[in-house]
There are 2 protein chains.
Amino acid sequence: MADKEVIKILTENNLKVTPQRVAVLEVIMGLENHPSAENIVDYIRLNFPHVPFGTVYKILDAFIEKEIIQRVKTENGIIRYDSVKKPHHHLYCEDSERIEDFYDEDLNKLLENYFKKKKIPNFTIKDYKLQIVGKFKV
Amino acid sequence: MADKEVIKILTENNLKVTPQRVAVLEVIMGLENHPSAENIVDYIRLNFPHVPFGTVYKILDAFIEKEIIQRVKTENGIIRYDSVKKPHHHLYCEDSERIEDFYDEDLNKLLENYFKKKKIPNFTIKDYKLQIVGKFKV
DNA sequence: CCCCATTAGAGAATGATTCTCTTTTGATAT
DNA sequence: ATATCAAAAGAGAATCATTCTCTAATGGGG
């Protein structure tokens with residue numbers, strides 16, 4: 001249960017290792033779903049039936065500050081979360097709520113080269129995220 | 001005041017022309033700001049001091065359904081709005097709330113060509129939106 | 001094993017957005 | 001022009017995700 005990897009991440013980031021934090025991080029890293037706060041609470045409550053939303057939000061905020069996870073914007077304003085691994089892009093399904101990570105080294109290089117040549121006036125680029133909108137085939 | 005262009009857009013989309021709708025659309029198309037619902041209400045109230053939020057939200061929903069405008073995602077979950085003109089991308093400032101449209105035909109072509117060659121398994125692309133995160137120089 | 005800063009718990013508060021119900025109004029046909 | 005009526009606006013309550021506040025519990029260094 002006590003996931004070594006998860007505990008390592010917490011200690012490396014100077015976050016006290018608590019059962020709740022371990023549970024939240026396990027859920028986010030386990031699910032490839034980009035869960036919302038509600039999704040996370042639902043999962044945690046399978047093991048800790050009384051965890052309040054406030055606690056989970058606080059944990060998520062702590063993780064975001066340490067850049068262990070990041071927020072994922074959605075069209076409808078509900079915040080979802082993603083464990084940051086390598087830089088990646090997102091596939092958004094128009095119909096369902098499905099969001100999927102999209103890794104593509106070539107694409108990253110392509111963009112990087114493109115903006116190396118073509119500067120944007122008065123703007124310093126730090127990162128780019130491509131949202132690929134479309135439909136998953138069944 | 002009664003903006004011909006705005007009225008034309010409304011009638012073309014089978015939306016009844018009301019002063020409130022004209023005002024909302026004028027604001028969104030006038031401001032290049034990607035205003036939030038609150039911003040829009042503030043502006044409208046200069047002329048119609050009593051417009052309720054509910055009305056503006058209903059108008060915005062109607063416009064979105066007709067694809068006259070679109071939602072813009074933000075990091076903090078507050079929805080902002082953008083009049084859809086040509087396909088474009090967004091510059092997000094890390095520090096301020098500033099969001100700016102970024103037009104780049106070459107970039108569109110680059111992406112289009114890239115994904116023409118490199119198909120994503122089980123996914124049909126409809127559109128891509130690049131979020132360029134960084135900082136505006138002062 | 002003690003201490004205490006940090007974290008979790010509990011629940012109220014907030015604030016953006018949505019919903020419901022009533023009144024008004026734009027646009028079509030008379 | 002006027003009547004008509006579906007659609008839209010007004011008003012305000014309701015909802016729901018998120019944040020805040022305050023108190024109790026606890027992880028981990030000494």
Side-chain angles (χ1 to χ4, degrees), chain A residues 1-2 6-27 34-45 47-66 68-81 97, chain B residues 2 6-27 34-42 44-45 47-66 68-81 97:
Chain A
M1 180 59 63
V6 162
I7 290 172
K8 184 160 160 265
I9 293 172
L10 292 176
T11 44
E12 275 173 356
N13 285 281
N14 297 314
L15 292 171
K16 285 188 181 171
V17 177
T18 70
Q20 294 86 343
R21 282 179 174 170
V22 171
V24 169
L25 193 48
E26 273 179 352
V27 169
H34 304 82
S36 63
E38 192 186 2
N39 297 150
I40 294 166
V41 169
D42 287 347
Y43 269 84
I44 307 291
R45 287 200 173 150
N47 297 318
F48 300 81
H50 302 298
V51 176
F53 270 86
T55 297
V56 170
Y57 277 109
K58 269 186 288 195
I59 290 172
L60 291 170
D61 287 348
F63 289 176
I64 286 163
E65 202 186 346
K66 299 289 185 184
I68 298 170
I69 63 171
Q70 62 183 200
R71 290 183 217 265
V72 178
K73 310 161 199 226
T74 66
E75 216 67 56
N76 57 46
I78 292 175
I79 298 170
R80 291 165 67 172
Y81 301 88
E97 301 286 81
Chain B
V6 163
I7 291 173
K8 183 160 161 265
I9 293 172
L10 292 175
T11 44
E12 275 173 356
N13 285 280
N14 296 315
L15 292 172
K16 284 189 183 172
V17 177
T18 70
Q20 293 85 343
R21 281 179 175 171
V22 171
V24 170
L25 194 46
E26 275 179 352
V27 169
H34 306 79
S36 64
E38 192 186 2
N39 297 151
I40 293 166
V41 168
D42 287 347
I44 308 292
R45 286 199 174 152
N47 296 319
F48 301 81
H50 303 298
V51 177
F53 270 86
T55 298
V56 169
Y57 276 110
K58 270 187 286 194
I59 291 172
L60 292 170
D61 287 348
F63 289 176
I64 287 163
E65 201 186 348
K66 299 290 184 180
I68 298 171
I69 62 171
Q70 59 184 201
R71 291 184 217 262
V72 177
K73 310 159 200 232
T74 66
E75 215 69 56
N76 58 45
I78 292 176
I79 298 171
R80 290 166 66 173
Y81 300 88
E97 300 286 80

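We name chains A, B, ... by the order of the sequence lines, and we start the count at 1 in each one. What you are looking at is a predicted structure, and each value in this text was computed from that prediction instead of being measured. All values below were derived from every heavy atom in this structure, side-chain atoms included, with hydrogens, water molecules and symmetry-related copies excluded.
- Distance, B/E97 CD to C/dA16 P: 12 Å, rounded to whole Å.
- In this structure, the CZ atom of B/F48 is 17 Å from the P atom of D/dA8, given to the nearest Å.
- Straight-line distance from the NZ atom of A/K58 to the P atom of D/dT26: 15 Å, rounded to whole Å.
- Contact annotation: the side chain of B/I79 never approaches that of B/L60 to less than 4.5 Å [non-hydrogen atoms, C-beta and beyond].
- Nucleotides of DNA chain D nearest to B/N14 and A/K16 differ in position, and the one nearer the 5' end is that of B/N14.
- Set against D/dA11, C/dT6, C/dA10, the side chain of B/H50 has D/dA11 as its closest nucleotide.
- In this structure, A/A62 reaches neither bases nor backbone, as no heavy-atom distance under 4.0 Å exists between it and the strands shown.
- A donor-acceptor pair is defined here as one N or O able to donate and one able to accept, closer than 3.5 Å; no such pair exists between the side chain of B/N13 and the backbone of B/L15.
- Closest to the side chain of A/R21, out of D/dT19, C/dT7, C/dA27, is C/dT7.
- One interatomic measurement links the two molecules: CG of A/D42 to P of D/dA17, which rounds to 11 Å at whole-angstrom precision.
- Contact annotation: the side chain of A/L10 approaches that of A/F63 to within less than 4.5 Å [non-hydrogen atoms, C-beta and beyond].
- Checking A/I64, A/V24, A/V27 one by one against A/Y81, the side chain to side chain contact (heavy atoms under 4.5 Å, CB included) holds for a single residue, A/I64.
- Side-chain proximity of B/V17 to the nucleotides C/dA10, D/dA11, C/dA27 is greatest for C/dA27.
- Taking only side-chain atoms of B/E38, from C-beta outward, the nucleotide of C/dA16, D/dA17, C/dA8 with the closest atom is C/dA16.
- For the helix from C/dC1-D/dG30 to C/dT30-D/dA1, the terminal axes (five pairs an end, C1' atoms, rotation from four pairs onto the next four) enclose an angle of 40°, given to 10 degrees.
- The shortest side-chain heavy-atom distance between B/F48 and B/P19 falls under the 4.5 Å cut-off.
- Rounding to whole angstrom units, CD of residue B/Q20 and P of C/dT24 are separated by 14 Å.
- Atom CG in A/L60 sits about 11 Å away from atom C1' in D/dT18, given to the nearest Å.
- Protein atom CG of A/L10 is 14 Å distant from nucleotide atom C1' of D/dG28, rounded to whole Å.
- Between A/V22 and A/E26 there is a side-chain heavy-atom pair separated by less than 4.5 Å.
- If you measure from atom CG of A/D61 to atom P of D/dA17, you get 16 Å, rounded to the nearest angstrom.
- When side chains are defined from C-beta on, B/T11 counts as touching B/V17, because their heavy atoms get closer than 4.5 Å.
- Mapping B/I79 and B/P19 onto DNA chain C by nearest heavy atom places B/I79 at the nucleotide closer to the 5' end.
- In the set C/dT7, D/dA17, C/dG9, C/dG9 carries the atom at the smallest distance from any side-chain atom of A/V51.
- Looking only at side-chain heavy atoms (C-beta outward), B/N76 and B/E97 come within less than 4.5 Å of each other.
- Mapping A/N76 and A/F53 onto DNA chain C by nearest heavy atom places A/F53 closer to the 5' end of the strand.
- Taking 4.0 angstrom as the limit, A/Y57 places a side-chain polar atom (N or O) nearer than this to OP1 or OP2 of D/dT18.
- Contact between the side-chain N/O atoms of A/T18 and the OP1/OP2 oxygens of C/dT7 is not found at any separation under 4.0 Å.
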